[in-house]
Amino acid sequence: MLQAVMTGTTRGGRSWTPTYVTALNGKRCIGCGRCFKVCPRQVFDLVDREMVADDDDDEGDGFSDDPHKVMVIHDGDDCIGCAACARVCPKKCHTHAALPMAA
Ligand code: SF4
Ligand code: SF4
């Protein structure tokens with residue numbers, strides 16, 4: 001059975017379904033900053049990759065060995081679901097989902 005999701009309307013009254021960012025694949029991210037620049041809210045933060053623990057960890061210290069920057073989701077609750085970040089990302093890092101309608 002299809003689950004009902006939250007929808008809104010465009011100015012012209014057409015139905016619009018926001019899709020909110022739910023994850024960002026830091027392994028694919030090249031730290032280009034495109035999603036940060038296009039986002040109208042305060043969702044993302046560009047950080048040093050060594051600040052983010054991941055599996056690229058040859059020393060076993062819990063941190064990546066890649067010295068470059070990586071984008072992270074800083075405040076996902078501020079997302080308005082415009083999906084602009086996904087449109088500009090050259091590496092398809094973002095995952096989005098509509099909000100299920102409250103029961
Ligand atoms: S969907 Fe829109 S508001 Fe949400 S993170 Fe992406 S660009 Fe920002
Ligand atoms: S647009 Fe994609 S590759 Fe560029 S910083 Fe954002 S998530 Fe990373």
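As the structure lists them, so they are numbered: ligands from 1, and atoms in each ligand from 1. Throughout, residue positions are numbered sequentially from 1 according to the sequence presented.
The proximity of Cys93 to ligand 2, defined as any non-hydrogen pair under 4.0 Å, is limited to the side chain. Residue Val43 touches ligand 1 through its side chain alone, judged by heavy-atom distances below 4.0 Å. Both the backbone and the side chain of Cys82 come within 4.0 Å of ligand 1, counting heavy atoms alone. Here His94 has side-chain heavy atoms under 4.0 Å from ligand 2, and that is the only part of it that gets that close.
Every atom of ligand 1 with a heavy atom of His96 under 4.0 Å away is listed here by number and element: 1 (S). Close approach of ligand 1 to Val21 is summarised as follows: ligand atoms under 4.0 Å from at least one heavy atom of the residue are 5 (S). Contact atoms of ligand 2 toward Arg34: 1 (S) (distance under 4.0 Å to a heavy atom of the residue). If you number the atoms of ligand 2 from 1 as listed, the ones under 4.0 Å from a heavy atom of Met71 come out as 5 (S).
Closest to atom 5 (S) of ligand 2 among all protein heavy atoms lies Gly33 N, 3.2 Å. Closest protein heavy atom to atom 1 (S) of ligand 1: Ala83 N, 3.0 Å. In this structure, the protein non-hydrogen atom closest to atom 6 (Fe) of ligand 1 is Cys85 SG, 2.3 Å. Among all protein heavy atoms, the one lying closest to atom 8 (Fe) of ligand 2 is Cys29 SG, 2.4 Å.
Within the coordination shell of atom 2 (Fe) of ligand 2, defined by N, O or S atoms under 2.8 Å, Cys89 is present. Distance check for Cys35 against atom 4 (Fe) of ligand 2: none of its N/O/S atoms falls below 2.8 Å. Not a single N, O or S atom of Cys79, from either the backbone or the side chain, sits less than 2.8 Å from atom 8 (Fe) of ligand 1.
Ligand 1 lies less than 4.0 angstrom from a heavy atom belonging to Phe44. Residue contacts with ligand 2 include Ile30, since one of its heavy atoms falls under 4.0 Å from the ligand. Using a non-hydrogen distance threshold of 4.0 Å, Ile80 registers as a contact of ligand 1.
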Please determine whether side chain to side chain contact (heavy atoms under 4.5 Å, CB included) holds for the pair Tyr20 and His96, giving the CA-CA distance in whole Å, both sets of side-chain angles, and the decisive distance to 0.1 Å. CA-CA 5 Å; Tyr20 303 93; His96 289 74; 5.8 Å; no

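Between atom 4 (Fe) of ligand 2 and the options Cys39, Cys32, Ala86, the minimum heavy-atom separation is to Cys32.
Here Ile80 contributes atom CD1 and Arg41 contributes atom CZ; the two are 6.5 Å apart, rounded to the nearest 0.5 Å. How far NZ of Lys69 is from CZ of Arg49: 11.5 Å, rounded to the nearest 0.5 Å. With values rounded to the nearest 0.5 angstrom, Lys91 atom NZ is found 15.0 Å from Lys27 atom NZ. Once rounded to the nearest 0.5 Å, the distance linking CG of Asp78 with CD1 of Ile73 reads 12.0 Å. How far SG of Cys35 is from CG of Leu24: 6.0 Å, rounded to the nearest 0.5 Å.
At least one side-chain heavy atom of Val21 sits less than 4.5 Å from a side-chain heavy atom of Val43. Side-chain contact between Trp16 and Thr9 is absent, with no heavy atoms from C-beta onward closer than 4.5 Å. The shortest distance between side-chain heavy atoms of Cys93 and Cys29 falls below 4.5 Å.
In this structure, His94 has its ring center closer than 6.0 angstrom to the ring center of Phe44.
Closest approach of Pro18 and Met6 over heavy atoms only: CD-O, 3.6 Å. Looking at every heavy atom in both residues, Val88 comes nearest to Val38 through CG2-CG1, 3.7 Å.
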